[in-house]
Amino acid sequence: QVQLVESGGGLVQAGGSLRLSCTTSGYRFNSYAMGWFRQAPGKERIFVAAITRSGASTFYADSVKGRFTISRDNAKNTVYLQMNSLKPEDTAVYYCAGDEAPVPTMRTDTYEHWGQGTQITVSS
């Protein structure tokens, strides 16, 4: 049974930091690129960051570049999202997802496995 479980969400003041974790099981983690997406109320789910299978390459949305860092630990089947200098517009539910393609995309429809999401609220 495939499972992706996000943790680390919560309420933080603008300018603060949070670190999200996504622990996975039930599939071969190191054969999947991993991504983080977010969805604000009433809006579409959008790409935040992605990392290749080995972790050698990372990709970011322009809105988070320089503030967020994606990383992975293949020995722990876990992907992380370090979020610094948080802004109120970062408020959303954050999802991790797995994509079997060798190079991850920014499209939600290419990711086969999804977590249930964790809420991030950034107060001004």
Side-chain angles (χ1 to χ4, degrees):
Q1 181 181 0
V2 173
Q3 285 191 314
L4 290 78
V5 179
E6 300 95 339
S7 61
L11 174 64
V12 64
Q13 287 189 331
S17 298
L18 283 174
R19 188 194 195 204
L20 302 184
S21 299
C22 172
T23 301
T24 73
S25 61
Y27 70 100
R28 191 164 182 164
F29 180 74
N30 59 7
S31 294
Y32 280 70
M34 295 298 296
W36 286 96
F37 292 78
R38 68 186 182 189
Q39 187 168 18
K43 297 189 176 181
E44 292 185 348
R45 192 172 299 186
I46 61 172
F47 171 79
V48 174
I51 188 167
T52 53
R53 297 166 177 172
S54 67
S57 297
T58 57
F59 309 87
Y60 298 94
D62 288 343
S63 59
V64 307
K65 204 170 290 184
R67 300 188 297 124
F68 290 12
T69 302
I70 187 171
S71 61
R72 66 189 294 160
D73 185 337
N74 285 349
K76 295 182 178 179
N77 293 342
T78 300
V79 61
Y80 305 96
L81 186 68
Q82 177 67 44
M83 305 184 294
N84 299 329
S85 303
L86 283 161
K87 305 175 181 180
E89 51 263 43
D90 294 320
T91 295
V93 177
Y94 283 71
Y95 300 87
C96 66
D99 181 358
E100 200 172 12
V103 179
T105 74
M106 297 186 291
R107 293 167 43 190
T108 58
D109 62 353
T110 64
Y111 287 76
E112 292 92 348
H113 304 314
W114 288 87
Q116 293 192 331
T118 186
Q119 176 71 47
I120 304 296
T121 302
V122 184
S123 63
S124 57

Got a donor-acceptor contact below 3.5 angstrom from the [X] side chain to the [Y] backbone?
X    : Y    : value
Q119 : G10  : no
R72  : G55  : no
T78  : K76  : yes
T91  : V122 : yes
Q3   : S25  : no
S57  : T52  : no
R53  : M34  : no
E100 : S31  : no

Close side-chain approach of [X] to [Y], heavy-atom, < 4.5 Å:
X    : Y    : result
Y111 : T105 : yes
F59  : I51  : no
F37  : I46  : no
R19  : L81  : no
T121 : V12  : no
M83  : I120 : yes
F68  : L86  : yes
V79  : Y32  : no

Least distance between heavy atoms, [X] atom then [Y] atom:
X    : Y   : value
S124 : A14 : CA-CB, 4.3 Å
A92  : A40 : CB-N, 3.8 Å
H113 : L4  : CB-CD1, 3.6 Å
Y60  : F47 : C-CE2, 3.7 Å

*Can you tell me how far OG1 of T118 sits from CG of L20, rounded to the nearest 0.5 angstrom?*
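Those atoms lie 6.0 Å apart.
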_Nearest-0.5 Å distance that lies between atom CD in E6 and atom SG in C22_ =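 One finds 5.0 Å between CD of E6 and SG of C22.
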_Q116 atom CD, over 12 foreign heavy atoms within 6.0 Å_ = no
*Just wondering, more than 12 heavy atoms not from K65 lying within 6.0 Å of its NZ?*
yes
*Decide whether Y94 and Y80 are clustered together by the hydrophobic rule: side chain heavy atoms of Ile, Leu, Val, Met, Phe, Trp, Tyr closer than 4.5 Å, transitively.*
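No: no chain of side-chain contacts under 4.5 Å links Y94 to Y80.
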_Please say yes or no: joined through hydrophobic side-chain contacts below 4.5 Å, possibly via intermediate residues, are V64 and V93 part of one cluster?_
no
*Go through the steps to decide whether S63 and R38 satisfy the test side-chain contact (heavy atoms from CB on, under 4.5 Å), and finish with yes or no.*
CA-CA 12 Å; S63 59; R38 68 186 182 189; 3.6 Å; yes
*Please test S17 against N84 for side chain to side chain donor-acceptor pair (under 3.5 Å), starting from the C-alpha separation and ending with a verdict.*
CA-CA 4 Å; S17 298; N84 299 329; 2.9 Å; yes
_Pair D90 + K87, salt bridge at N-O below 4.0 Å_ = no
*Could you label the plane-to-plane angle of the Y95 and W114 rings as parallel, tilted or perpendicular, counting under 30° as parallel and over 60° as perpendicular?*
perpendicular
